[in-house]
K.L.:
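Here it is: the structure, laid out below.
From a predicted model like this one, the values you see are computed outputs, not experimental measurements. Atoms within each ligand, like the ligands themselves, are counted from 1 in listed order.
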Amino acid sequence: MDKTHIASLLKSCDLFPIPQGVKLSYGTAGFRGDAKLLESTVYRVGILSALRSVKLGSATIGLMITASHNQVSDNGIKVADPSGGMLSQEWEPFADQIANASSPGELVSLIRQFMEKEEITIGDKKSAEVWLGRDTRPSGESLLRAAEIGVSSVLGSVAIDMGILTTPQLHWMVRAKNKGLSATENDYFENLSTSFRCLIDLIPVSGLEISKLIVDGANGVGGLKIGELRGSLSNLDLEIRNTGRDGGVLNEGVGADFVQKEKVVPLGFGSNDVGMRCASLDGDADRLVYFYIPSNSSSEKVELLDGDKILSLFALFIKEQLNALDDDDKEGKHSRLGVVQTAYANGASTDYLKQLGLDVAFAKTGVKHLHEKAAEYDIGIYFEANGHGTILFSDSFLAFLAAKQKDLTQGSEEHKAVSRLVAVSNLINQAVGDALSGLLLVEVILQHMGWSVQKWNELYKDLPSRQIKVEVPDRTAVVTTSSETEALRPLRIQDAINAEIKKYSRGRAFIRPSGTEDVVRVYAEASTQEAADSLAKSVAQLVEGFC
Ligand code: NG1
Ligand code: ZN
């Protein structure tokens, strides 16, 4: 970096003083926190993303401004790598360092050291491109300006404002752009509607009565975008609620996180909707859960079909298509199918998937970990219980399918199965979990099977579970094993948790510090709801006592 460049960095840095006493960490999904405290962080991540683009030969990098399912006053920022996946974990420590640098001088010196280590040189020509997206949070606009200034403070870097988007849309667009494909928002919508139509045309039985789907848009960006898409989805009767236009607050009593954690009816839904198929998106539309209100319910409780159940439905459908392939190819060298879950997966779902004969792998919480693991298979299906997930197809499997599609006789069962797999690979977002593409795939599969939401729910019965958040003075006091199922610190807390678990039939419980909120999370599962609640409560008390 020459002197003029350093001077320009120092000047722009002065615009965004770092708030006192805040310790930031890149966490499970980027930086998150109170939006009022985030300008300096977003500005600095702007610099990081420009450097990442320079390092990767001017490949386009994505910057998404969102705090997903968190309250509306929070915001956050995460980086999409050129593949459309999350920022390489190798760069996370640098993100932490610059976000916490206490003065402009320290920031510049950290950047210089890092550039030297990574052999990043900045020339005069255009050398970096960063695409910026944001959700509907009111704080998004000013944070976007901070990001733009950060990007532009790296010489030769261009920031492009892509407007209000869902997180998965931005990831999809970044991936498409770097593959040399058309990458506008329109292209995204067209890709969804074309592959959806293709799958609908391949449904074995025609003339099925299709009931209405009611979508809870969490008062966020997902409701808006699915509204834009609706016109091009002829085989889907959609009603969208909680679009944010009717005064509702983002994620407040609505949305996928609320419905999944509380298992109660979101605002805007009630007794008139008994038995209807309903879906909830989260605040940036990268999570999806389904639910229905049972007919015998006198309370607010819903029957939840979470990420585990979506994963099971997808796995069943993919397996059915693979079984229709020639014997030589079944589970063979081209089509290794695997599913990936986390410790939060309901124990009954794991039993079900194993009983289907599937290879079930576990990853740490956070999609970056699940995605990495799923990419090891030819077809890797991953889902967090909270509804974030997708299906990854390897390039070699896609090439194998393309060759088969050419060779096989059109209209044969095998040809149809191959065509379905190809269409799924186009429909389902290959970059990141996407509530919109996930929802379309669920709808197609239900139509394909001729199933109602109730029938789908019967695949297996969830073990009762409970999640609790515990506020503690310092959540980093909790350190877990790499599988996150055992706590290493505070010392002896795991022995106390084990003693509690022993008291319950089918008991399972674990704790971990959240990567997105200032809390310790408690998860408990047992054979009855009362037992799960009671186990969660006693473990939460242990956390309070030990931390
Ligand atoms: P944390 O706050 O680290 O538990 C939460 C979710 C993750 C993931 C991230 C990103 C749970 C228990 N945790 O992470 O699965 O989705 O948010 O949004 O749902
Ligand atoms: Zn989200």
K.L.:
For the Zn ion (ligand 2), what is the number of protein N, O or S atoms at a distance under 2.8 Å?
P.N.:
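Considering protein N, O and S only, the Zn ion (ligand 2) has 4 within range.
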K.L.:
Decide whether the shortest distance between a heavy atom of Arg32 and an atom of ligand 1 is less than 4.0 Å.
P.N.:
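Yes; Arg32 lies near enough to ligand 1 that a heavy-atom distance drops under 4.0 Å.
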K.L.:
Could you pull out all residues at least two apart from Glu148 that satisfy side chain to side chain contact (heavy atoms under 4.5 Å, CB included)?
P.N.:
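Glu148 satisfies side chain to side chain contact (heavy atoms under 4.5 Å, CB included) with Leu132, Leu144, Arg145, Ala159, Asp161 once adjacent residues are dropped.
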K.L.:
Within a strict 4.5 Å, meaning less than it, do heavy atoms of the Ile164 and Thr136 side chains meet?
P.N.:
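In short, these two side chains touch, coming nearer than 4.5 Å.
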K.L.:
Which is it for Ala29 and ligand 1 at heavy atoms under 4.0 Å: side chain, backbone, both or neither?
P.N.:
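Side chain only.
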K.L.:
Heavy atom of Arg512 under 4.0 Å from ligand 1?
P.N.:
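The answer is yes, since Arg512 has a heavy atom less than 4.0 Å from ligand 1.
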K.L.:
Might you work through the salt bridge (charged side-chain N to carboxylate O under 4.0 Å, His left out) test for Glu185 and Lys225, ending with a clear yes or no?
P.N.:
CA-CA 10 Å; Glu185 188 179 15; Lys225 299 298 178 185; 2.7 Å; yes
K.L.:
Which value, rounded to the nearest 0.5 Å, describes the distance between Asp282 atom CG and His69 atom NE2?
P.N.:
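With rounding to 0.5 Å, CG (Asp282) is 7.5 Å from NE2 (His69).
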K.L.:
Going by the order shown, which atoms of ligand 1 are within less than 4.0 Å of some heavy atom of Gln467?
P.N.:
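Those atoms are 12 (C).
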K.L.:
Establish, for the pair Lys309 and Tyr460, whether the NZ or CZ atom is under 6.0 angstrom from the six-membered ring centre and no further than 45 degrees off its axis.
P.N.:
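Positive - Lys309 is close enough to the ring of Tyr460 and near enough to its axis.
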K.L.:
With a cut-off of 4.0 Å, which atoms of ligand 1 are near a heavy atom of His69?
P.N.:
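Listed by number with element, the hits are 17 (O), 18 (O).
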K.L.:
May I ask you to say whether Arg287 pairs ionically with Asp257, meaning some side-chain N is under 4.0 Å from a carboxylate O?
P.N.:
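Salt bridge present between Arg287 and Asp257.
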K.L.:
Quick one: does ligand 1 sit under 4.0 Å from the side chain of Tyr523, the backbone, both or neither, non-hydrogen atoms only?
P.N.:
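Neither; no heavy atom under 4.0 Å.
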K.L.:
Hey, which atoms in ligand 1 end up nearer than 4.0 Å to a heavy atom of Ser514?
P.N.:
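Per the distance check, 1 (P), 2 (O), 3 (O).
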K.L.:
Out of Asn386, Val520, Thr516, whose heavy atom sits nearest atom 11 (C) of ligand 1?
P.N.:
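Ranked by closest heavy atom to atom 11 (C) of ligand 1, first place is Asn386.
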K.L.:
Using a 4.0 Å cutoff against the non-hydrogen atoms of Gly515, which atoms of ligand 1 qualify?
P.N.:
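With Gly515 as reference, the close atoms of ligand 1 come out as 1 (P), 2 (O), 3 (O).
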K.L.:
My understanding is that we take every heavy atom of each candidate and find the minimum distance to atom 4 (O) of ligand 1. Doing that for Glu517, Arg521, Arg287, Lys261, which one comes out nearest?
P.N.:
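Heavy atom nearest to atom 4 (O) of ligand 1 belongs to Arg521.
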K.L.:
Mind checking whether Lys469 contacts ligand 1 via backbone (N, CA, C, O), side chain (CB onward), both or neither, at a 4.0 Å heavy-atom cut-off?
P.N.:
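Neither part.
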K.L.:
Check for me whether Arg241 meets the cation-pi criterion with Phe269, that is, NZ or CZ under 6.0 Å from the six-membered ring centre and within 45 degrees of the ring axis.
P.N.:
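Yes, cation above the ring, under 6.0 Å and within 45°.
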K.L.:
Looking at Glu141, I want to see if its CD is surrounded by more than 12 non-hydrogen atoms of other residues, nucleotides or ligands under 6.0 Å.
P.N.:
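Check fails, neighbour count at 12 or below.
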K.L.:
Under 4.0 Å, counting heavy atoms only: does Glu384 come that close to any atom of ligand 1?
P.N.:
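Within the 4.0 Å threshold, so yes.
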K.L.:
Does the pair Glu500/Lys537 count as a salt bridge with the N-to-O cut at 4.0 Å?
P.N.:
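Looking at Glu500 and Lys537, the cut-off is not met.
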K.L.:
Could you tell me whether Arg137 and Asp284 make a salt bridge, using a distance below 4.0 angstrom between a side-chain N and a carboxylate O?
P.N.:
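A salt bridge is absent here (no side-chain N lies under 4.0 Å from a carboxylate O).
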K.L.:
Any salt bridge linking Arg506 with Glu525? Criterion: basic side-chain nitrogen under 4.0 Å from a carboxylate oxygen.
P.N.:
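Salt bridge flag = no for Glu525 with Arg506.
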